[in-house]
Amino acid sequence: MSDFGKLIKRMGIRRKYIFLLLLRSPFDAIRTWMLAGLLKSVFLCLETGNSGKLAAICVVYGLICVMLFIYNGTVWSSYAAFSAKTEAGLQKAMLGKILSMPLKRVDSHYGGEWITRLNSDIQAAFTMMNGPLNIPHVVVAVINTLMSSFLMFRSSFLLFGVTWLLILPQLLINYKIVLGYLPKLKEESQNFLSDNTSAIKPLIADADTILLYDAGELMMKTCDGASRKLMKINMKMHVRSALGDVFMRLFGMGGYLMILLLGYMFIYNGAMDFSDVVYCFQVRGAILAGMLMLITCLNNLRANSVCVKRINDTFEE
């Protein structure tokens, strides 16, 4: 994240970027509170047979939902315009930096590496900045998880404890399997992508020379080797991400079964109403969704941070 902070400071967008993140961040937390309160109120009205209050509740929550939709659309419209302008500015600055380098410095790397930095690395940096399940959703996930945890703590301390007892192992396992390895694998992937681009380029730019010396088979073997290396390293990344998803789903389903069992016991003993258990189910789902989103975002950030570092290195050369 230090490399990302350095990049947005270099671009002069840090304050506006943070301001837009803060505008977007409360949406999911408010929606969680709204949906949980709506379900609890609806089931409570059904239990008591109060149909008149039920209609009023639906109207009030419907108006809140419309207001949230308008607010979210307005914020994301501003965010999209900001993102497009910033990306174009970074590409222009990056190209200007490469063109201003001494010829000796440019020739010290393959052309494929410069192409990768100018295209793939910048795209990864902006995916990290503005894309789904990256920095914007990290902020959203943290606030939504904190808000949902507070709501569940107020409703049932025991169900709150069981929820987090099963979430914490998810975080530990995901860190050991995925987060600890992704940056290195992503860096290797970017290097192999540069090699692959450099191997393909002569087939297009120097096709006549290759045909003249009958070197087509040799060049194709070189491309095949570079492509296979890129494929293998990408497969390693996908396998680790898939293992992380398996454990997340396993602990997630286990948590739902525990809440269901404890909720049944509370209802049977008269400690909770059915509407309270439904409320806890909804809030627990929001906690889990927030944590899953946070884990996925951290995985993506660790992978994309390698590209941001390469961009900063280019500007500092």
Side-chain angles (χ1 to χ4, degrees), residues 1-21 24 76-103 105-139 179 182-201 204-205 226-227 229-231 233-234 237-238 241 296-317:
M1 289 302 293
S2 60
D3 289 317
F4 179 76
K6 187 185 301 184
L7 179 62
I8 62 173
K9 183 178 181 181
R10 175 177 281 114
M11 296 164 62
I13 60 170
R14 183 167 57 182
R15 290 185 178 180
K16 187 172 183 179
Y17 181 66
I18 293 175
F19 177 70
L20 289 172
L21 286 180
R24 172 63 180 88
W76 272 112
S77 296
S78 302
Y79 203 100
F82 165 79
S83 300
K85 182 178 178 181
T86 306
E87 183 174 4
L90 180 58
Q91 285 181 328
K92 183 178 179 180
M94 187 77 162
L95 180 60
K97 175 63 179 180
I98 293 174
L99 293 176
S100 66
M101 289 181 178
L103 182 59
R105 180 70 188 88
V106 175
D107 287 341
S108 64
H109 294 284
Y110 291 114
E113 181 167 345
W114 296 117
I115 294 173
T116 301
R117 293 192 185 194
L118 189 59
N119 293 292
S120 179
D121 286 356
I122 288 181
Q123 186 60 48
F126 271 88
T127 298
M128 181 178 179
M129 181 183 295
N130 307 310
L133 298 178
N134 277 272
I135 287 179
H137 287 94
V138 167
V139 181
L179 284 180
L182 269 186
K184 182 180 179 181
L185 293 175
K186 181 64 175 181
E187 185 174 8
E188 292 181 14
S189 176
Q190 290 298 108
N191 291 333
F192 285 138
L193 179 60
S194 300
D195 295 341
N196 193 36
T197 304
S198 300
I200 294 173
K201 185 180 176 182
I204 301 172
S227 299
K229 290 179 180 178
L230 179 61
M231 180 189 68
I233 200 69
N234 286 337
M237 294 173 62
H238 289 308
S241 297
T296 305
C297 290
L298 291 177
N299 291 341
N300 293 337
L301 291 180
R302 291 293 295 271
N304 291 329
S305 62
V306 175
C307 301
V308 174
K309 184 178 184 301
R310 284 160 60 96
I311 292 174
N312 284 328
D313 291 342
T314 302
F315 278 111
E316 293 169 1
E317 288 184 4

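The first residue in the sequence is number 1, and the count goes up from there. All values reported here derive from a predicted model rather than from experimental measurement.
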(message) For a 4.5 angstrom cut-off between non-hydrogen side-chain atoms, does Phe82 reach Ile13?
(response) yes
(request) Could you grab the distance from atom OG1 of Thr86 to atom CD of Gln91, nearest 0.5 Å is fine? (result) 11.5 Å
(message) Using side-chain heavy atoms (C-beta onward) and a distance below 4.5 Å, is Ile135 in contact with Cys297?
(response) no
(request) Would you please name every residue forming a side chain to side chain donor-acceptor pair (under 3.5 Å) with Ser83, sequence neighbours left out? (result) Asn130
(message) Could you check whether any side-chain N or O of Asn134 sits under 3.5 Å from a backbone N or O of Met129, counting only pairs where one atom can act as donor and the other as acceptor?
(response) no
(message) What's the separation between atom OH in Tyr17 and atom OH in Tyr79, rounded to the nearest 0.5 Å?
(response) 4.0 Å
(message) Rounded at 0.5 Å granularity, tell me how far CG in Leu20 sits from OG in Ser78.
(response) 7.0 Å
(request) Measure the spacing between NZ of Lys9 and CZ of Arg15 and express it to the nearest 0.5 Å. (result) 11.0 Å
(request) Measure the shortest side-chain to side-chain distance between Leu301 and Met128 over non-hydrogen atoms and say whether it is less than 4.5 angstrom. (result) yes
